[in-house]
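Notes follow once the structure below has been shown.
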Amino acid sequence: MFKKVVVANRGEIAVRILRACRELGIQTVAVYSDADRQALHVRYADEAYRLGPAPSRESYLRGDKIIEVALRSGAGAIHPGYGFLAERADFAQACLDAGLAFIGPKPSAIAAMGDKAVARNTVSAAGIPVVPGTEGEGSLHDEDLVRLAPQIGFPLLIKATAGGGGKGMREVHSLEEMPGLLHAARREAEASFGDGNVYLEKLVEGARHIEFQILADTHGSVIHLGERECSLQRRHQKLLEESPSPFVGDDEELRQRMGLVAVRAAQAVEYVNAGTIEFLVDKEKNFYFLEMNTRLQVEHPVTEMVTGVDIVKEQIRVARGRQLRYSQSDIRLNGWAIECRVNAEDPFNNFLPSTGRITHSLMPTGPGVRVDSGVYPGFEVSPYYDALISKLIVWGETRAEAILRMRRSLEEYKIAGVRTNIPFHQKLMDSTRFMGGQFDTRFVEERFSMEAVEEGKSAPVDIAAILATLVAHRQTQRAAQIVQRGERDTSNWKWLSRWERLQR
Amino acid sequence: MFKKVVVANRGEIAVRILRACRELGIQTVAVYSDADRQALHVRYADEAYRLGPAPSRESYLRGDKIIEVALRSGAGAIHPGYGFLAERADFAQACLDAGLAFIGPKPSAIAAMGDKAVARNTVSAAGIPVVPGTEGEGSLHDEDLVRLAPQIGFPLLIKATAGGGGKGMREVHSLEEMPGLLHAARREAEASFGDGNVYLEKLVEGARHIEFQILADTHGSVIHLGERECSLQRRHQKLLEESPSPFVGDDEELRQRMGLVAVRAAQAVEYVNAGTIEFLVDKEKNFYFLEMNTRLQVEHPVTEMVTGVDIVKEQIRVARGRQLRYSQSDIRLNGWAIECRVNAEDPFNNFLPSTGRITHSLMPTGPGVRVDSGVYPGFEVSPYYDALISKLIVWGETRAEAILRMRRSLEEYKIAGVRTNIPFHQKLMDSTRFMGGQFDTRFVEERFSMEAVEEGKSAPVDIAAILATLVAHRQTQRAAQIVQRGERDTSNWKWLSRWERLQR
Amino acid sequence: MKYITMVGDQEFQIEIVDERHVSLNGTLYEVDFDSVSGEPVVSLLVDGKSYEAYVYEDEQGLQVLLHGRMFPVLVEDEREKRLRAAAGSRIAERGDFHLRSPMPGLVIALPVGEGQEVQKGEVLVVLESMKMQNELRAPRAGIISRLRVKPGDSVDQHQTLLTVS
Amino acid sequence: MKYITMVGDQEFQIEIVDERHVSLNGTLYEVDFDSVSGEPVVSLLVDGKSYEAYVYEDEQGLQVLLHGRMFPVLVEDEREKRLRAAAGSRIAERGDFHLRSPMPGLVIALPVGEGQEVQKGEVLVVLESMKMQNELRAPRAGIISRLRVKPGDSVDQHQTLLTVS
């Protein structure tokens, strides 16, 4: 049974996994790129080894080097986190070949679910409904896809076969758009996954994105930990998740039915360890299998908060060959949890990424608040990796309490040095549609605006005016003081600039 | 029903209360001294009013000014927190007289329990066992106390009648020591509470300090939320608390019996709102009423973590005249919680207080971790108030998990600018007696040492040597560079100092 | 000191009376203003109300982020206001527009060529940063007078990518 | 650069070979040393092992706080060590001892008078800070040659309170 784990990732998820290992008394090994020497995961691990330059291809995607680190350090297992190598069957296999435990599913299950088209075929064969699309057609050329598109009907989605996280995904509303968007989607898929294959899928309108967390051990137990509502997305990137889903709500029968289907989907590929079954749910509560993520999800904490299950620790126990510590009947959803993804991007400037050194940070704390963060004051947010710098998760006895708690936490959360999307989340918390639980996957892009003013909310315009004037006044005064000083002793100026030269 | 609350406190507890109000949709008013203009409670409140200069007597103890602030701002209630005015019956009465709700018990209950001697008499009359002492004798002069001391027997404790938090408390081992220690205790009591009265109490040896959290509403319901173990103290100041108590452990019968007595003690003074009954428990599981704290406790979060009850919100609801949301049968202790008090004091230098500006702070986060803090980087820790700057609370499914989680959290927690007692807690977490739950109220002072090396723990002396040498080497090199610069252009020096003058 | 402060298109007459007093459109307020948590976070007490905000500088003036809302603000004294009124706002419409990179990244595509005419809103550059592809669009119509980068180039923040004339 | 480093009474021969290499008592280690989170927190990788510590300076040398343990360290090069050996450690035992306030606070009591003889460990000053009364004791025996404060005085950190000769 392994006693040392290599965490083959970075950022908040690497820190999350390191903490779980440490709390289980397991030794930890971090790997890092040149951009991450000072990163938290390097600081918190027992050991840390450099992989290479900043770009992922030369560092966090170098499975060979990571396995070498594991062997060199005497580790017995590798946890891939999410992204990077997490859903690469060849990497999982290489770990096993090197005699290392892979903390995740078997390579065969990753392969079966990793090719989205094969996955849809597999679960479809097991009697599970899927969204109509080109599943099971294998790799298709552009001309085939253009030919098949009208049969599926518009609007439809182009999706990367190897995809995830909205990368390589495009929405198509007419046949004319197809060629250009196919090109863009393949380009992004190739850049992100090294695989430009794409497939088509019907776009279910007014749909909710609801997913079920699965846990499975090597002794044949498969359970689900209830659902997560992930409909709040922008450019197919999730921004906010909650558990339970306000759409499923009190419909315990729907929850159990979807949960059973999720378990069956996992069983169809003899799934082991933690995984997630994603469904699209239409307004009539019809649900369709979308895909399975054969790894830990970014949004796993909301499930942890309402079930009390530490998913990462459970992953490690399963990988050690233990039985699950819970049976399905132990799982109860207690209260309500919401997660806001805090991204280094500017919501007032088209959500463009923001990079730079974090000069200051004040995190919200107190009862019912959890922050999973990978950054700290002094750390440089680089353009090499994704924009997620922290996750703010709150728990409340009810959804209303959770929303109020999230509001106060967002207001408390201060980050200086980079812009973040915290104001976006604040705006969302104030929106009546969000409060009412009335939103679908298109809500953020189509019905939400950073500029719109909610009814009944008066903007403190006068306070903004006073604040800006006080800041401007201070700047003017400071400038004036420098001039005054200069007047007293005019010879200073040349020496000041000389001094500045010395400082360089 | 009030919609705006004045928080008559500072530091972490003021922030804690502000958060609860905000999450209930209640407007908040902070008060502050000149030392606290930039404090978190001022930043987080909707309104903030200055009370006066830094010393408590001129600011946070000015009940008249605080009531004036409440009236001026249109607040309907005052939450006193702990310390300062929290246990002053006259202040509670003044609030009521001004038409303000006091978020706490009735003045009569504060008075009955606030005079420790009267309190012991009251509960004793209700058939509750108390530690032998000079209870119910009223104010005694030194000569009376010296006369009564041998009847109680040594060792004994001198305790401040108006006391709490170990202030004005002294331990006496022989008659000869009495006069000097009486003098010291009265002096400290006078300085802390404006009341130099003291009484004597037998010192129960090998005793545990175990307390029960009480909640009572205005409709006659009184429940307890289980116990807290608070035996780990230094100079009668609690340092670490946990719930449940490892001493009570699985003895559900003892827990229920003590809980019932605690409820009875509260009922004896017609108690309303949150309060705590403190017991001394000897090795044979005999327990004695020690005192009742008629306010929120520093250590309330451990109870919140295991019961899921938000005690501060419940306090506010009770003050609004609502019924308790829980009956006794709803209360279950789930898992294990531990709180470490992080004090600005140097454990390697006799725990002397440490003040200064916090230049950097990195808080532990992640699953099961809660930090209640009143400081942030840039904030100045002043000598005017107590040394508690933050509380680190963790929850685990078992005590073992909680300890492992606390260890990793303490190691992660970095504070620069002031020294803290974090290393003390780290040392405690590693001690086999703590891990085994084998400690009494004397443990820290008598059986614990920062210098002692735990068996099986090898100290990384060589790493310390390398670290120090690298730091020293850097300093030497930096100094050398400055000299080299100077050599290149000797005329710089005079201008450098001139520049420095300009900067002043 | 007197200022004319524009928040969006709302104008305020603000006088900084002394350290502790500000008048806004003739009404006097007691204020206590402090920088906290390092720039750009500031704390303001106005007649007892407590506000916390970020105040950023940009080319146009100041941006105030308060309660999750961003307010663009222009603060001027009388002299500055008169100068600006005299100069008019002709500059922005004419002359060259230099498209600067809003972040460090990798140039993925340049769908335009030198000398090409572009419409407002047209995609000029596709830039990859933080694993996302971002489209940079033309803020106004014009002609691409100069391309300074090519696909595959790594660019720094604020680096000029191309010029629209 | 070669150093003789004492941790407590353990002596280490340490050579800083280059940016990335250190030899400790003749064994070569690969190191990566960085200041993180602002002074005084440092991060050190030694042959892949990751350590984080506080390194403080005090009058005696450096203090390294590592894994919750405090190590007093003295780092000297050959020349410094020889100088110190020559000077001996006579100074500490003789001359005046100035009791400085370890923190800002209020003098509550001075149980000693000028000219009074005191024993090692005897209480010299009772100082209140952070609501706690702290007893400052004599580090060695001697005579109180000078009292610089009286009860009721507010004192700053490092302020001299009295002198023991």
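Chain letters run A, B, ... following the sequence lines, proteins first and then strands; every chain starts at 1.
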Practice item. Starting at OH of Tyr3(D), measure out to CD1 of Ile466(B) and round the result to the nearest 0.5 Å. Key: 14.0 Å

Point to revise | Heavy-atom pairs under 4.5 Å with chain D, option from His425(B), Glu411(B), Glu345(B) with the top count | key: Glu411(B)

Point to revise | Between Val73(D), Ile14(D), Val55(D), the one whose heavy-atom pairs under 4.5 Å with chain B are most numerous | key: Ile14(D)

**Study point:** Portion of Ala344(B) that has a non-hydrogen atom of chain D nearer than 4.5 angstrom
**Key:** both

**Study point:** Heavy-atom closest pair, residues Val7(D) and Ala465(B)
**Key:** CG2-CB, 3.6 Å

Point to revise | Within 6.0 angstrom of Arg474(B) CZ, more than 12 heavy atoms from elsewhere | key: yes

Exercise for review: State which residue, out of Thr355(B), Asn343(B), Leu388(B), fulfils the side-chain contact (heavy atoms from CB on, under 4.5 Å) condition with Met130(D).
Suggested key: Thr355(B)

Exercise for review: Under 4.5 Å, counting heavy-atom pairs only, tell me which of Asn25(D), Leu106(D), Leu65(D), Val46(D) racks up the most with chain B.
Suggested key: Leu65(D)

Point to revise | Pro460(B) backbone acceptor or donor facing Tyr51(D) side chain under 3.5 Å | key: no

**Study point:** From CD1 (Ile16(D)) to CD (Gln477(B)), nearest 0.5 Å
**Key:** 8.5 Å

Check your understanding: Side chain, backbone, both or neither: which part of Ile422(B) has an atom under 4.5 Å from a heavy atom of chain D?
Key -> neither

**Study point:** Segment of Glu76(D) engaging chain B (4.5 angstrom heavy-atom cut-off)
**Key:** neither

Check your understanding: Where is the tightest heavy-atom contact between Pro423(B) and Gly68(D), given as atom of each residue plus distance?
Key -> CB-O, 3.6 Å

Review point. Within a strict 4.5 Å, meaning less than it, do heavy atoms of the Thr469(B) and Glu15(D) side chains meet?
Key: no

Study note, to complete from the structure: Ranking Val381(B), Leu470(B), Leu352(B) by heavy-atom pairs under 4.5 Å to chain D gives rank one to Leu470(B)

Point to revise | Other residues, nucleotides, ligands: >12 heavy atoms within 6.0 Å of Phe424(B) CZ | key: yes

Practice item. Mark yes or no: Arg69(D) above the aromatic ring of Phe348(B), with NZ or CZ under 6.0 Å from the six-membered ring centre and no more than 45 degrees from the axis. Key: no

Review point. Is there a side-chain contact between Arg187(B) and Val126(D), using heavy atoms and a 4.5 Å cut-off?
Key: yes

Check your understanding: In Å, rounded to the nearest 0.5 Å, how long is the span from CD1 of Ile463(B) to NZ of Lys49(D)?
Key -> 9.0 Å

Check your understanding: Where does Phe33(D) contact chain B at under 4.5 Å (heavy atoms): side chain, backbone, both or neither?
Key -> both

Revision key, fill the gap. What one should report as the nearest heavy-atom pair of Ala464(B) and Val64(D) is O-CG2, 3.8 Å

Review point. Is there side-chain contact between Phe12(D) and Val461(B), with at least one heavy-atom pair below 4.5 Å?
Key: yes

**Study point:** chain B interface, residue from Leu44(D), Leu74(D), Val22(D) that has the most non-hydrogen pairs under 4.5 Å
**Key:** Leu44(D)

Review point. Where do Tyr54(D) and Lys414(B) come nearest, in terms of heavy atoms and distance?
Key: OH-CA, 3.1 Å

Exercise for review: Evaluate whether atom CD of Glu11(D) has more than 12 neighbouring non-hydrogen atoms of other residues, nucleotides or ligands under 6.0 angstrom away.
Suggested key: yes

Exercise for review: Evaluate the criterion side chain to side chain contact (heavy atoms under 4.5 Å, CB included) for residue pair Gln426(B) and His67(D); output intermediate values, then yes/no.
Suggested key: CA-CA 8 Å; Gln426(B) 289 184 281; His67(D) 293 176; 5.7 Å; no

Check your understanding: If you draw a 6.0 Å radius around CD in Glu30(D), do more than 12 non-hydrogen atoms from other residues or ligands fall strictly inside?
Key -> no

